[in-house]
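Structure record follows, encoded as structure tokens.
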Amino acid sequence: MKRALASAVALVAALAGMTAPAFAGASPINLTSKVFVEREIVDSSGRRSVVLEQPSKVVPGDRLVFVLNYRNASQQPAARFMVTNPMPSAVAFERTQDGSEEVSIDGGRNWGRLVDLRIPLAEGGVRAATPEDVTHIRWFVPQTLGAGSGGKLSFRGTVK
């Protein structure tokens, strides 16, 4: 339990200093990222709702929502770029907003859909990759962005 709590404290510190994800492409795309913890609240009449809050404290089992905003900062259209985001080691990947991502389970060397990836076993053979194995997430943005336009990508994870 102490180890899990220490990981959670380190995660909050890492999230507070989180920098924008990397992107590949020739266009000057500005990226920003935010992270939220998903909390269930109950109002005075007993109605439950889910809210997103800034993470001041997270514990194992907390669900996080990562939001990546991108914007074309140039005066020219930008087309076909890629956004890559490392997965925090204390977070197990859940899913993205639309399922259009590829993931890596080996630090970004190989990519694919999670259901298609396999982990080699020390004793021989392989096993199916799980959300806990994801080290990076990437998206290809195929549409052309006009000057000043942008969009957003998001993914969810659970604190380990």
Side-chain angles (χ1 to χ4, degrees), residues 1-23 29-73 78 81-108 111-119 126-146 148-160:
M1 182 65 172
K2 283 185 179 181
R3 184 175 179 183
L5 184 56
S7 292
V9 170
L11 176 61
V12 170
L15 295 176
M18 197 170 147
T19 59
F23 74 95
I29 304 297
N30 286 343
L31 297 168
T32 59
S33 61
K34 293 183 180 179
V35 107
F36 302 95
V37 64
E38 190 176 79
R39 302 251 191 247
E40 185 176 287
I41 60 170
V42 180
D43 67 16
S44 59
S45 63
R47 285 181 291 187
R48 296 178 184 271
S49 61
V50 175
V51 296
L52 298 178
E53 300 175 341
Q54 296 293 323
S56 60
K57 177 183 176 185
V58 295
V59 296
D62 278 352
R63 295 184 64 189
L64 303 177
V65 177
F66 297 80
V67 178
L68 314 171
N69 291 294
Y70 57 89
R71 188 178 75 73
N72 179 2
F81 60 93
M82 180 175 49
V83 177
T84 302
N85 199 94
M87 195 72 204
S89 62
V91 177
F93 174 74
E94 281 186 22
R95 62 185 166 84
T96 62
Q97 178 181 355
D98 64 1
S100 66
E101 80 285 351
E102 288 187 331
V103 299
S104 175
I105 56 174
D106 60 7
W111 296 89
R113 293 178 5 170
L114 183 59
V115 298
D116 297 329
L117 298 176
R118 303 288 178 258
I119 303 282
V126 295
R127 68 167 173 82
T130 65
E132 291 81 13
D133 297 318
V134 173
T135 62
H136 291 76
I137 305 165
R138 79 175 177 190
W139 297 264
F140 291 97
V141 180
Q143 72 268 23
T144 299
L145 295 177
S149 66
K152 109 178 150 174
L153 303 162
S154 68
F155 65 95
R156 293 176 170 275
T158 302
V159 178
K160 295 178 187 175

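FYI, side chains are in, hydrogens and waters are out, and symmetry mates aren't considered; it's all heavy atoms of this structure.
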In this structure, CG of Asn85 is separated from OG of Ser154 (nearest 0.5 Å) by 11.0 Å
Minimal non-hydrogen separation, Met87 against Ala92, with atom names:
CE-C, 4.0 Å
Under a 4.0 Å threshold between the charged nitrogen and the carboxylate oxygen, would Glu38 count as salt-bridged to Arg63?
yes
Quick one: are Ile41 and Asp43 in side-chain contact, heavy atoms under 4.5 Å?
no
If every non-hydrogen atom of Lys57 is compared with every non-hydrogen atom of Asp62, which pair is closest and at what distance?
O-OD2, 4.0 Å
Taken in chain and number order and not counting sequence neighbours, the residues that satisfy side chain to side chain contact (heavy atoms under 4.5 Å, CB included) with Asp116 are Arg113
Mind checking the OG-CZ spacing from Ser49 to Arg39? Nearest 0.5 Å is all I need.
13.5 Å
Looking only at heavy atoms, what is the nearest atom pair of Leu114 and Thr130, with distance?
CD1-O, 3.8 Å
If the condition is side chain to side chain contact (heavy atoms under 4.5 Å, CB included), which residues does Arg138 pass it with, not counting sequence neighbours?
Met82, Thr84, Glu102, Trp111, Phe140
Of all heavy-atom pairs linking Ala73 and Asn30, the shortest is CB-ND2, 3.3 Å
Quick one: does Leu64's side chain get under 4.5 Å of Val159's, heavy atoms only?
yes
Just jot down the ring-ring contact (aromatic ring centres under 6.0 Å, His included) partners of Phe93, sequence neighbours excluded, or say none.
none
Would the number of heavy atoms belonging to other residues, nucleotides or ligands and lying under 6.0 Å from CZ of Arg127 be above 12?
yes
How about Trp139 and Thr96: do any of their side-chain heavy atoms sit closer than 4.5 Å?
yes
Under a 3.5 Å distance rule, please check whether Thr135 uses its side chain to pair with a backbone N or O of Ser104 as donor and acceptor.
yes
A side-chain contact here means heavy atoms from C-beta on lying under 4.5 Å apart; do Leu52 and Lys34 qualify?
no
I want to check something: taking the side chain as every heavy atom from C-beta on, are Phe66 and Arg156 in contact at a cut-off of under 4.5 Å?
no
For Gln54 and Phe36: C-alpha separation, side-chain torsions, deciding distance, then whether side-chain contact (heavy atoms from CB on, under 4.5 Å) applies.
CA-CA 5 Å; Gln54 296 293 323; Phe36 302 95; 3.3 Å; yes
Which pair of non-hydrogen atoms, one from Ser100 and one from Asp98, has the smallest distance, and what is that distance?
OG-OD1, 2.7 Å
From Leu145 atom CG to Phe81 atom CZ, the distance as rounded to the nearest 0.5 Å
4.5 Å
Residues Asn72 and Ala78: closest non-hydrogen pair is ND2-N, 3.3 Å
